[in-house]
Amino acid sequence: AEALETDVLILGGGMSGVSAAHTLNSLNVTDFLLLEARHELGGRVQNAKIGDISVEFGANWIQGLGSNPIWLLAEKYGVKNRYSNWSNIAYLSEKNGWNDEELEEAVTRFEEVVFDAASKEAGRRKELGLADLSMKAGLRLVGWDAKTPAEKAAEYFSHDWEMAETPLESSFIGTIESYNESFVESGNGDNNIVVDPEGYKQVVIKHAAEIPDFDQKVRFNEVVINITYSGEDVTVSTSSGLVVKARRAICTFSLGVLQHNDVSFYPPLPEAKRDAIMNFHLATYTKIFARFPRKFWNDTEFILYADRDDRGHWPIWQPLDIPGFYPGSGVLFATLTGDYAYRAEAQTDEELQENMMEQLRFMYGPDIPDPIEFKFPRWTLDPLFRGSFTNWGAGVTEKQQQALAAPVGGDTGLRRDDTLWFAGEHTSRKYFGYLHGAYWEGRLAAHRIADCIRSDGCTESFATGLVRRQAGEMEAPSGERRRMRKRMWE
Ligand SMILES: Cc1cc2nc3c(=O)[nH]c(=O)nc-3n(C[C@H](O)[C@H](O)[C@H](O)COP(=O)(O)OP(=O)(O)OC[C@H]3O[C@@H](n4cnc5c(N)ncnc54)[C@H](O)[C@@H]3O)c2cc1C
């Protein structure tokens, strides 16, 4: 078996691992190694070919623009993206000749009235230290209790389609905060969607390429199976027999990987950390792509469908064969979440295609053609991910969030002797679920480790404090907080 030694071992080559590597290098910590199970970088940023266009199986949008670091990286590396118009929607249901004005009205009401009222209520509860609730309860408190098919579809579009779980499963404060922080605070509330032939993953790959000699600092196709840690060091072994010993390690594996015990930890992780891992939710958001010989759909960026009695049944479609995207491609995709996504993943491609065609023929008539190509990722069944992204579940506490992100190894309760660190979208206080969350968490862990390398007591440097604020780990200073509260909650 091959044995290696390094100062800092980075586990996982997604956005978080690469951002940690890039940051270590910029802080002159150059003795590091990154292990990745796949043959390339990117993690949950993955694309595939359908016909001759590239589609994104995982992350697709850049949220909020403005100060979102992913937006800055995409611009820097020339990763092609364009404005995504979330109000360019066709509203479909059986009612009214497939043009449901009631659905449009419900979407507008939810976005313009209900969400604002919910934001204020969540903010008030947070300020007063009142208990968190489920999003469902929070919505009820402000007078929204989805009853009609239109209201259910509107609620799905604004909530489930973003968090990948139902309002009943989601935290009230967590949802509102994540939305406001990710979309509003970092920019203007808009999103861009990546339409690059080389894929969104180029943001990660090109970021890594800026690190000198990176190809000598990465090992692909290495599946980590065990992580043994102490107050002195961390030893990691992989399924190929590789053993790496490091003074410190950063584990960026997804929450799902941690929940499924795909990697064994020795000693077992502390109880508070295990509780937190199990209590957070790894949601599933499944995109299903089909290429048709001709297009038969609406010329809008989104098609929202309100089913008569089944909330979540093929609710959202995105045509790519529209002007400004990929005209002539014949590509359309649907998104399913939660139980609908789990069911889809459990079906064969043929079964799911049949279900999809049944729905499309219901909406567009019996004469539409079958697809020439049909593809979708099974995120939950993939042992390297076990789902798509983290959702702050109802009943998850702030303390658990801290435990999820905390390093382990030491026995003094100070950072000084901790050896095993955690980063990834799931450890982000406010940007969980997003690429910018993964990015900031990687940077933050790298900064903290550099502080420990530099000073015996891991004294926090000015730069680390700054990253901590950018990463949303701590509240902004009170003046700024007041201004933010005014915008978001008052
Ligand atoms: C369907 C979908 C849609 C999304 N949409 C958006 C979006 O529009 N905008 C947005 O900002 N975010 C979106 N996200 C979330 C975003 O993709 C993630 O937040 C981000 O990519 C997570 O990065 P990470 O580094 O934390 O984790 P990962 O990308 O999961 O990186 C962890 C790495 O560890 C590797 N690994 C796992 N287990 C092992 C092992 N045992 N041994 C070795 N290596 C291992 C994995 O292969 C992976 O490369 C979406 C995600 C999905 C799945």
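Whatever order the structure lists them in is the order used to number ligands and atoms, beginning at 1. Small disclaimer: the values here were computed from a predicted structure and weren't measured.
Near Gly433, the atoms of ligand 1 lying under 4.0 angstrom from a non-hydrogen atom of the residue are 12 (N), 13 (C), 14 (N), 15 (C), 19 (O). Listed by number with element, the atoms of ligand 1 under 4.0 Å from a non-hydrogen atom of Val45 are 21 (O).
A side-chain N or O of Ser84 and one of Trp61 form a donor-acceptor pair less than 3.5 Å apart.
With respect to the salt-bridge test (charged N to carboxylate O, under 4.0 angstrom), the residues Glu56 and Lys287 do not qualify. Here Arg311 pairs with Asp160 in a salt bridge; the nearest charged N to carboxylate O distance falls below 4.0 Å. A salt bridge does not link Glu36 with Arg38: every distance from a Lys NZ or Arg NE/NH1/NH2 to an Asp or Glu carboxylate oxygen is 4.0 Å or more.
Considering only non-hydrogen atoms, atom 50 (C) of ligand 1 lies nearest to Phe389 out of Tyr285, Phe432, Phe389. Within the set Gly58, Gly13, Ser254, the minimum heavy-atom distance to atom 3 (C) of ligand 1 is found for Gly58. Between the choices Pro383, Ser388, Ala59, Gly12, the shortest heavy-atom distance to atom 13 (C) of ligand 1 belongs to Ala59.
For atom 20 (C) of ligand 1, the nearest protein heavy atom (residue, atom name, distance) is Leu435 CD2, 3.9 Å. Regarding atom 29 (O) of ligand 1, its nearest protein heavy-atom neighbour is Arg44 N, 2.8 Å.
Considering backbone and side-chain N/O of Glu425, one or more are found under 3.5 Å from N/O of ligand 1.
When non-hydrogen atoms are compared, ligand 1 lies under 4.0 Å from the side chain of Val263 (C-beta onward) but not from its backbone. For Phe57, every heavy-atom contact with ligand 1 shorter than 4.0 Å involves the backbone, none the side chain. Counting heavy atoms closer than 4.0 Å to ligand 1, residue Glu222 contributes backbone atoms (N, CA, C, O) but none from C-beta onward.
Classification of the Phe302-Trp161 ring pair by plane angle, with boundaries at 30° and 60°, yields perpendicular. Ring-plane geometry between Tyr439 and His207 is classed as tilted, the angle between the planes lying from 30 to 60 degrees on a 0 to 90 degree scale.
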